[in-house]
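The structure under discussion appears below in the form of structure tokens.
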Amino acid sequence: GAVVSQHPSRVICKSGTSVKIECRSLDFQATTMFWYRQFPKKSLMLMATSNEGSKATYEQGVEKDKFLINHASLTLSTLTVTSAHPEDSSFYICSARAGGVTYEQYFGPGTRLTVT
Amino acid sequence: EDKVVQSPLSLVVHEGDTVTLNCSYEVTNFRSLLWYKQEKKAPTFLFMLTSSGIEKKSGRLSSILDKKELFSILNITATQTGDSAIYLCAVGEGTASKLTFGTGTRLQVTL
């Protein structure tokens with residue numbers, strides 16, 4: 001149980017285009033989903049927290065107009081990187097948390113974004 | 001400021017050795033501490049600790065939390081090459097349910 005998928009696993013796009021990444025909880029309902037970014041040999045940096053049906057909460061320094069998050073259902077959250085630039089190239093990972101009082105998060109396999 | 005600090009940053013051991021990974025934290029409203037293992041892709045959950053002094057075990061891995069001294073350790077006995085990975089410590093604080101991750105410890109187990 002507690003499987004989270006991400007799609008695509010790898011994407012290459014041109015500078016100026018937008019890219020959408022999907023995060024799905026496959027066998028549980030995720031009241032909260034998190035989006036992280038990870039640079040090479042660095043730890044996970046939380047970008048935003050999204051709750052189903054409400055606006056995402058962005059961490060300090062993360063541009064909400066650049067990284068659009070939509071949590072349309074209890075099993076799906078999307079991250080859209082708008083007008084991507086080479087510095088947006090990174091490993092993006094989502095995680096999902098089931099309801100109730102728990103900090104346990106289940107991670108998706110990640111999406112490697114390369115902006116050329 | 002660093003809220004979650006892991007040490008060592010990297011470690012190379014021989015198969016069969018025992019290793020201890022450290023995680024210290026400084027947060028205002030601690031709720032839980034979690035350990036994850038990250039190989040090539042996303043982290044996989046190992047342990048969640050909320051109470052001091054209670055050891056959690058899973059096979060050759062074990063972990064314990066000290067809420068007075070604000071740290072946790074992750075022990076791996078009889079290491080195998082498959083244990084090679086980055087081990088991440090994360091702390092949950094407040095009511096937002098979000099986690100703050102440490103820098104990770106990169107463990108390499110050689111033959």
Side-chain angles (χ1 to χ4, degrees), chain A residues 1-10 21 23-26 28 30-52 54 56-60 62 69 90-112, chain B residues 1-11 21 23-25 27 29-51 56 58 63 65 67 72 84-108:
Chain A
V3 178
V4 176
S5 71
Q6 256 182 266
H7 177 80
S9 58
R10 188 180 295 266
I21 303 170
C23 177
R24 292 180 186 273
S25 56
L26 299 185
F28 67 102
T31 55
T32 308
M33 287 185 168
F34 303 87
W35 287 95
Y36 294 86
R37 185 171 177 177
Q38 188 174 34
F39 292 100
K41 297 187 179 181
K42 298 285 185 181
S43 192
L44 299 172
M45 183 193 79
L46 179 66
M47 297 174 66
T49 303
S50 74
N51 292 295
E52 185 265 339
S54 62
T57 302
Y58 290 81
E59 294 300 301
Q60 194 171 8
V62 178
I69 292 171
S90 191
F91 191 54
Y92 292 88
I93 307 177
C94 74
S95 71
R97 185 185 74 93
V101 183
T102 177
Y103 283 81
E104 192 171 331
Q105 296 178 19
Y106 301 96
F107 286 84
T111 296
R112 172 77 56 194
Chain B
E1 73 281 0
D2 289 327
K3 287 187 171 184
V4 183
V5 179
Q6 290 185 248
S7 64
L9 289 179
S10 65
L11 189 58
L21 309 183
C23 175
S24 63
Y25 61 91
V27 298
N29 192 4
F30 175 88
R31 294 299 177 96
S32 61
L33 186 144
L34 293 83
W35 284 96
Y36 286 86
K37 177 183 181 182
Q38 185 177 24
E39 296 175 85
K40 292 185 178 178
K41 292 194 173 180
T44 53
F45 174 78
L46 294 175
F47 299 110
M48 182 168 70
L49 305 156
T50 55
S51 301
K56 291 211 171 181
S58 176
S63 183
L65 173 68
K67 289 168 73 174
S72 173
S84 298
I86 297 172
Y87 290 84
L88 296 167
C89 169
V91 171
E93 57 179 311
T95 57
S97 73
K98 65 181 185 181
L99 297 176
T100 300
F101 281 83
T103 48
T105 293
R106 183 179 292 271
L107 173 66
Q108 184 179 350

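The sequence lines fix the lettering, A, B, ..., with proteins before strands; numbering per chain opens at 1. Atom set for the values below is all heavy atoms of this structure, side chains included, hydrogens, waters and symmetry mates excluded.
Between the CD1 atom in B:I86 and the CG atom in A:L44 there is a gap of 9.0 Å [rounded to 0.5 Å]. With rounding to the nearest 0.5 angstrom, the NZ atom of B:K98 is 11.0 Å from the CD atom of A:Q105.
Taking the centre of each ring, B:F45 and A:F107 stay at or above the 6.0 Å mark.
Nearest heavy atom pair, residue B:Q38 against residue A:F91, reads NE2-CE2, 4.4 Å.
At a 4.5 Å heavy-atom cutoff, B:Q6 makes no contact with chain A through either its backbone or its side chain. Contacts of A:Q6 with chain B are absent, with no heavy-atom separation under 4.5 Å from either backbone or side chain. Of the two parts of B:L99, the backbone and the side chain both hold a non-hydrogen atom closer than 4.5 Å to a non-hydrogen atom of chain A.
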### Task
Show your reasoning for whether side-chain contact (heavy atoms from CB on, under 4.5 Å) applies to B:F101 and A:M45.
CA-CA 7 Å; B:F101 281 83; A:M45 183 193 79; over 6 Å; no

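Here the side chain of A:S43 pairs a donor or acceptor atom with the backbone of B:G102 at under 3.5 angstrom.
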